[in-house]
Amino acid sequence: MRFSKLFIPTLRETPSEAESVSHILMLRAGYVRQLAAGLYIYLPLGLRVIEKINKILREEMNAIGAQEITMPVLHPAEVWQETGRWDAIGDEMFRLKDRTGRDMCLGMTHEEIITWLASKEIRSYRDLPQIWYQIQTKLRDEARPKSGVLRTREFLMKDSYSFDIDEDGLEKSYQFHADAYHKIFSRCGLKFYMVESDPGMMGGATAHEFMAPSPAGEDEVALCDKCGYAANVELALSIPFEIETKNWVFEEIHTPEKRTVQEVSRFLNLKPEYFIKSILVISNNGPVLALVRGDQGLHEKKLSKIIGEHRPAHKDEVKEILGIEAGFIGPMNHKIRVVSDPCLKQGIYVSGTNKPHYHAKGIKPGKDFDAEWHDIHMAKSGDSCPKCNAPLRIEKAIEVGNIFRLGTKYSIPLKANYLDENGREIPIIMGSYGIGPARIAAAAIEQNYDKDGIIWPKSIAPFDVEILPLNMKDKNTVDIVEKLYQDLTEKGIEVLMDDRDERAGIKFKDADLIGIPIHIILGEKNLKEGLVEIKDRRTRETVRVTIQEVSEKVTERI
RNA sequence: CGGGGCGUAGCGCAGCCUGGUAGCGCACACGGUUCGGGACCGUGGUGUCGAAGGUUCAAAUCCUUUCGCCCCGACCA
């Protein structure tokens with residue numbers, strides 16, 4: 001395509017609302033524009049990238065026998081009420097009424113709809129298995145849209161759903177997806193990990209996420225380079241690093257105005273890992289005291305699995321329930337439920353005494369206090385792998401895809417059953433699998449850019465090559481570029497020709513910003529010698545080749 | 001939802017503290033010189049100062065309310 005005929009509004013300066021790399025570059029390079037918080041317009045270049053990604057998605061989904069369909073974005077409330085999610089999901093769901101007053105919502109995902117379809121259409125075990133997918137808009141009223149296209153209120157999702165007769169079948173469908181996803185993200189040029197994840201409100205047994213490592217990511221993953229253990233820190237297990245057991249005798253110490261582990265640790269010149277951190281939370285069944293080691297964070301989600309929903313106690317509640325102000329709470333002598341991380345079973349510690357301005361050294365778990373022992377700490381770097389004991393690494397990452405084993409969570413309430421060989425009615429075993437094309441695009445940028453702009457992986461770049469005729473006033477240049485453009489285009493190569501009557505500097509700057517992987521530079525002087533340059537956007541390596549061989553050399557690189 | 005920041009020309013920003021009727025750079029239009037890494041000179045157009053209300057002779061500026069956007073946190077199939 002001709003640059004002069006394409007709408008590519010590049011920006012010299014960074015719009016003030018953008019913070020993350022992908023957001024800044026997508027705006028500056030003219031890929032997207034923002035309509036409102038979490039709502040984006042994809043301009044011609046942006047759409048081309050998304051379409052490239054969608055093409056890869058379709059190819060790989062079709063390859064595992066998945067069939068593309070498309071479902072409405074507007075849903076009647078009834079199906080959502082039948083699965084209970086109409087009430088379970090809060091403000092995140094866009095809700096509305098139609099003209100007759102009927103409750104409706106905008107689809108944030110499509111389990112309900114596809115299961116409704118299955119319940120109507122699937123009769124027999126002979127109809128199974130099935131994998132159905134769509135690439136469709138999802139709407140979620142996010143509490144906080146952020147980082148450009150990474151977290152939006154309206155976005156495209158490739159969502160697929162598998163229907164099987166039993167767990168073995170599900171296992172196969174799940175594996176098909178895991179394999180397809182590996183191919184998809186590899187083809188898109190992403191660095192990624194497949195990690196264990198928390199199924200959350202999707203329900204079901206186990207799940208995995210595909211995570212593209214990047215500082216812009218919202219998630220953290222724990223990784224073991226030795227055995228390959230990989231999990232979202234939401235549920236990652238870890239063995240806390242070991243500490244030497246001190247032979248302290250129980251002793252109370254005056255610690256005036258020293259409340260936090262950090263303060264007391266500095267005051268007593270003892271490392272935080274020799275402390276017991278006591279945190280009071282309020283669950284639906286009353287207050288619970290949670291204990292972790294001083295260097296650890298309390299993992300709210302892990303704790304939720306044990307005591308149910310809870311929230312941190314307010315200051316006055318702490319005083320009321322424990323009779324002591326926060327900062328001097330200790331693990332001893334409580335009538336309420338106490339849950340402690342198992343790493344505290346060993347060793348001798350420092351903690352509060354439940355007396356104002358006093359801490360105690362030499363606290364021995366099991367002897368001085370007792371608790372229910374459950375893993376409630378957050379994995380952190382320095383910890384060891386729960387499987388092989390090698391050091392764990394914690395990395396930030398962007399969630400680009402996920403796969404869930406749903407089981408019968410949706411098929412039972414929506415009565416999606418099939419008849420087996422014996423004529424018995426059995427609920428279909430389901431799986432659900434998602435990928436966000438926009439996140440792939442954003443993650444690709446976050447992982448591939450330099451100070452001048454985007455460096456697209458070849459597979460998802462909006463064009464294969466960009467031709468830069470530096471002087472459009474030179475007739476020779478124009479003749480040659482037109483021929484080259486036609487030649488490459490006829491070979492099926494997607495080329496962007498910067499035919500604007502602009503100065504060379506502007507063309508170079510825009511080309512770097514836009515980030516097409518290969519540039520062909522036609523300079524007047526080189527052309528007189530019958531030469532053109534082929535430049536690699538990533539390495540900036542430039543080779544000069546003859547006009548006759550460009551097209552061949554470029555084809556080799558694509 | 002809690003905390004913080006910001007809304008002035010298409011974009012980036014100054015002016016606000018200490019009220020006097022809006023400015024700079026880029027972009028844009030025209031003319032000229034330039035032409036391999038966001039050129040230079042000249043000329044020119046561009047604003048409900050986010051909105052509403054109030055104080056005042058006078059409000060971009062002070063006060064109140066409200067809306068929007070961004071960031072941190074909470075939340076997040």
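Proteins get letters first, then strands, A, B, ... in listed order; numbering begins at 1 in each. The basis for the numbers below is simple: all heavy atoms, side chains too, and nothing from hydrogens, waters or symmetry mates.
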Checking [X] now: which residues fulfil salt bridge (Lys or Arg N to Asp or Glu O under 4.0 Å) with it, not counting sequence neighbours?
X        : value
A/Asp499 : none
A/Glu19  : none
A/Lys528 : none
A/Arg439 : none

Item checked: Test applied, side chain to side chain donor-acceptor pair (under 3.5 Å); reference residue, A/Gln134; option that passes from A/Lys158, A/His110, A/Gln67 ->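 With A/Gln134 as partner, A/Lys158, A/His110, A/Gln67 yield a single side chain to side chain donor-acceptor pair (under 3.5 Å), made by A/His110.
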
Which part of the nucleic acid, if any, lies within reach of [X] when heavy atoms closer than 4.0 Å are counted: base, sugar-phosphate only, or nothing?
X        : value
A/Asn402 : base
A/Glu502 : nothing
A/Ala18  : nothing

Item checked: Distance between C1' atoms of B/rU65 and B/rC28 (Å, rounded) ->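 Taking atom C1' in both B/rU65 and B/rC28, they lie 38 Å apart.
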
Return the value, rounded to whole Å, for the distance between atom [atom1] of [X] and atom [atom2] of [N].
X        : N      : atom1 : atom2 : value
A/Arg28  : B/rA27 : CZ    : P     : 14 Å
A/Leu527 : B/rG36 : CG    : P     : 13 Å
A/Asp91  : B/rC1  : CG    : C1'   : 10 Å
A/Arg537 : B/rG37 : CZ    : P     : 17 Å
A/Glu524 : B/rU34 : CD    : P     : 14 Å

Notebook entry, point to check: Is the distance from OP1 or OP2 of B/rA74 to the nearest side-chain N or O of A/Arg144 less than 4.0 Å?
Noted result: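 For B/rA74, neither OP1 nor OP2 has a side-chain N or O of A/Arg144 closer than 4.0 Å.
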
Notebook entry, point to check: For every nucleotide of nucleotides 9-16 of chain B, 5' to 3': is a protein heavy atom under 4.0 Å from its base (B), only from its sugar-phosphate (S), or from neither (-)?
Noted result: --BSS---

Notebook entry, point to check: With sequence neighbours left out, which residue pairs that include part of residues 5-16 of chain A fulfil the side-chain hydrogen bond (donor to acceptor under 3.5 Å, both in side chains) condition?
Noted result: A/Thr10-A/Asp510

